[in-house]
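Notes to accompany the following structure.
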Amino acid sequence: MNADRLDRWLFDSFRPTARGLAAYRIAYALFVLLLIDPGHSPYFNFHPLAELPDSFFLPPPGPMQLFSGFPPRWFFAGLHLLLDLSLVALLFGYRTRLASWMTGLLFLIGFGFLFSAGKINHVILFVLLPWVMSFSNWGAAWSLDARLGRARPTVEGWPLALLALLTGFAMFTAGFTKLLGGWLDPATQATRGHWLKQYFVVGRQDLLADLVTAPLPAGLWELMDWGTVLLEIGLLPAVFVPGLFRVLLSLMVLFHLGTALLFNITFVQNLIVYAAFLNWDRVAARFPRIRLSPRPALLLIPLLGLAFYFFGSPLRRLDALATFSSDLSLTELLANLTAALVVLGLALARVRHLLRHPLPLTPAAAGAYRRARRALAVVLVLYAALMGTHAGEFWPMSVFPMFSRAGHPWTRAVVRELEATEPVRWDTLQAPATLPGRPFPLNQTALDPVDLINFVTHPEPWDARRRQTLQRLFGPELEGRRLLVLQVQGAPSAEGVQLRYVPILVLTADTVQVHPALQP
């Protein structure tokens, strides 16, 4: 791609209008306030981090390593209040660029501390979005800045091209890691293995999850493996063909609905990122011209910010209408269903339009088809080369590092429930069949499996404070139970995978019995 083509792609691929960007800005702010619900929804609430002991603080490489532990509760309370105020200011278009940067920065700080507890979620695109869109001047219309004469009238389309490139790159890291992990191996069905873990280990058994318990052809599972990898990797080269990129994003929306229905896993925050590439000009054209009166709006910003801070989103009341055994929520499910219906509606409208107005194969269209065929050929050659060499972990800075530890030693935690009279043995075991007691699923507690393994493998001594913290995290589930926590160590060997089950401690509601070798 020469400089002229790069310039055309960067500046001409997306040509938004001021009203279209304003409609998307308002949609983004409402989406975050009503559906993401910072400070109240489980995955976007940073307050509980203040209750964790510093032994849980394991920051990844980066600025979080400047801290020695989690800040106090007032810090996260202030962070959430500022975040709600920034989002409401973004909704009204007040100091739009500052509000955009504050929103991204506050989310980045909150997730920085959240990821320091051990589990890294897939939110980087969602966090970067307000920063990227701040350069588009999405406060040029339908904003207090425009009413007060602070906003320039011109808007930029290149931030959308940059957002498309970031989205394609992020999805490529997800698909490429799966590719190296053997997802295209016809002898294995990675999707089925992932589903088995979610269904039997994590306990995600809602909605259509039971359907997958029926015997399905291996070819269908393999089709899911290949479809997932090709879709995620294909988004990166499709970035340079905006029409194809939008089609693949539409498929991603349907893919997320499928994972919600079958796996009970949602990535609702990604939906608003994909929505940036909708035709918001057409949406804005259906609404009357919005004129804001500065004084009432300036009064509403702090009031609405405080209301969302104290009471959260009114849509969260819908979650009480349906309870799930997994961590799925009704609002997240409805968001995925709505996004899928929008995609299907746009697809039907496009098909109806093409049937009524067939496109002639103009020279420009013929050239586009030739470029698409060349891009497809390059992608297929890349697939063939990678299929011949995939092994081990390649991408060291993967945004979505799912299954990236294949072939490496690993450590996990297992909890077993012992009978009241069953003796405690501290011997290291080698096989699952030799484990005492019966399985205890962690989804009954507030403790994440990743947090538990970080906790039990930390070298700090098991003093009274650390034992009480673990009892508190297991909560009321300890009443009338004896739980044995084991550290599971796995490593490749000539016979397959060698396992070692090392008992760490036994928990009851009143006592914590630690392995004799780990006594302080």
Side-chain angles (χ1 to χ4, degrees), residues 21 24-46 60 62 79-80 82-84 86-91 96 99-116 119-136 138 159-174 232 235 239 245 249 252-253 255-257 259-260 265-278 280 308 312-313 315-316 327 329 331-336 338-339 342 397-402:
L21 286 174
Y24 178 60
R25 186 197 78 240
I26 294 171
Y28 170 81
L30 290 175
F31 183 93
V32 178
L33 288 168
L34 296 177
L35 288 174
I36 298 299
D37 197 14
H40 298 275
S41 62
Y43 293 111
F44 295 87
N45 181 12
F46 309 126
L79 185 146
H80 280 133
L82 289 175
L83 184 56
D84 284 331
S86 298
L87 286 166
V88 175
L90 193 59
L91 174 67
T96 309
S100 301
W101 276 83
M102 285 294 294
T103 300
L105 178 63
L106 292 169
F107 267 129
L108 192 64
I109 293 172
F111 283 116
F113 284 109
L114 184 65
F115 296 165
S116 297
K119 187 176 187 298
I120 298 179
N121 294 324
H122 307 161
V123 295
I124 188 63
L125 292 174
F126 172 78
V127 170
L128 292 179
L129 187 145
W131 285 359
V132 175
M133 294 305 298
S134 68
F135 295 102
S136 70
W138 60 348
L160 285 171
L162 176 59
L163 183 62
L165 186 62
L166 292 173
T167 303
F169 181 77
M171 295 304 169
F172 178 84
T173 62
E232 291 178 341
L235 273 166
V239 165
F245 182 71
L249 284 183
M252 285 298 300
V253 171
F255 171 79
H256 287 320
L257 176 61
T259 58
I265 300 175
T266 60
F267 298 97
V268 67
Q269 69 276 358
N270 281 3
L271 298 178
I272 195 62
V273 179
Y274 305 154
F277 304 96
L278 288 173
W280 288 100
F308 278 107
S313 167
L315 295 184
R316 284 288 161 185
D327 53 3
S329 70
T331 51
E332 293 174 343
L333 179 61
L334 291 176
N336 279 274
T338 302
V342 170
M397 298 180 65
S398 172
V399 178
F400 298 163
M402 185 177 292

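- Between Val123 and Phe107, every side-chain heavy-atom pair lies at or beyond the 4.5 Å cut-off.
- Scored by the ring-ring contact (aromatic ring centres under 6.0 Å, His included) test, Phe277 finds Phe14, Phe245 as partners (sequence neighbours excluded).
- Here the closest non-hydrogen pair linking Leu91 and Arg25 is O-NH2, 3.4 Å.
- Taking every heavy atom of both residues into account, Tyr43 and Phe111 meet most closely at O-CE2, 3.9 Å.
- Proximity of Thr259 to Thr266: side-chain heavy atoms (C-beta onward) are nowhere separated by under 4.5 Å.
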Hey, mind stepping through Asn270 and Met171 against side-chain contact (heavy atoms from CB on, under 4.5 Å) and telling me if it holds? CA-CA 11 Å; Asn270 281 3; Met171 295 304 169; 3.8 Å; yes
Before giving the answer on side-chain contact (heavy atoms from CB on, under 4.5 Å), spell out for Gln269 and Phe44 the whole-Å C-alpha distance, their side-chain angles and the decisive distance to 0.1 Å. CA-CA 10 Å; Gln269 69 276 358; Phe44 295 87; 4.1 Å; yes
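- With His80 contributing its side chain and His40 its backbone, the two residues share no donor-acceptor pair below 3.5 Å.
- Scanning all heavy atoms of the two residues, the minimum distance from Leu79 to Phe46 falls at CD2-CD1, 3.7 Å.
- Checking side-chain atoms of Asp37 against main-chain N and O of Ser313 turns up a donor-acceptor pair under 3.5 Å.
- For the atom pair Leu163 CG and Trp131 CH2, the distance stands at 14.0 Å (nearest 0.5 Å).
- The side chain to side chain contact (heavy atoms under 4.5 Å, CB included) test applied to Leu162 returns Val132, Trp158, Leu166, not counting sequence neighbours.
- Residues Pro38 and Leu87 share a closest heavy-atom pair of CG-CD1, 4.0 Å.
- For Ala335 against Val268, the heavy-atom pair with the smallest separation is CB-CG2, 3.7 Å.
- Note that CG of Asn336 is 10.0 Å distant from OG1 of Thr331, once rounded to the nearest 0.5 Å.
- Within the 4.5 Å cutoff, the side chain of Leu21 has heavy atoms near those of the Met133 side chain.
- Residues Ser86 and Leu106 are in side-chain contact: their nearest non-hydrogen atoms beyond the backbone lie under 4.5 Å apart.
- To the nearest 0.5 Å, atoms CH2 (Trp101) and OG1 (Thr96) are separated by 15.0 Å.
- Here the side chains of Tyr24 and Ile272 are in contact, with some heavy-atom distance below 4.5 Å.
- Of the possible polar contacts, none joining the Arg316 side chain to the Ser41 backbone as a donor-acceptor pair under 3.5 Å is found.
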List, one per line, each side-chain donor-acceptor pair under 3.5 Å for residues 26-36, sequence neighbours excluded.
none

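- Inter-residue side-chain proximity for Leu257 and Val253 is flagged as unmet; no heavy-atom pair is nearer than 4.5 Å.
- Note: His256 and Phe267 have tilted aromatic rings, judged against thresholds of 30 and 60 degrees for the angle between ring planes.
- Counting heavy atoms from C-beta on, the side chains of Leu249 and Val273 never come closer than 4.5 Å.
- No side-chain donor-acceptor contact under 3.5 Å links Trp138 to the backbone of Pro130.
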As a quick check of understanding, evaluate side-chain contact (heavy atoms from CB on, under 4.5 Å) for Leu129 and Leu125, giving each step before the final call. CA-CA 6 Å; Leu129 187 145; Leu125 292 174; over 6 Å; no
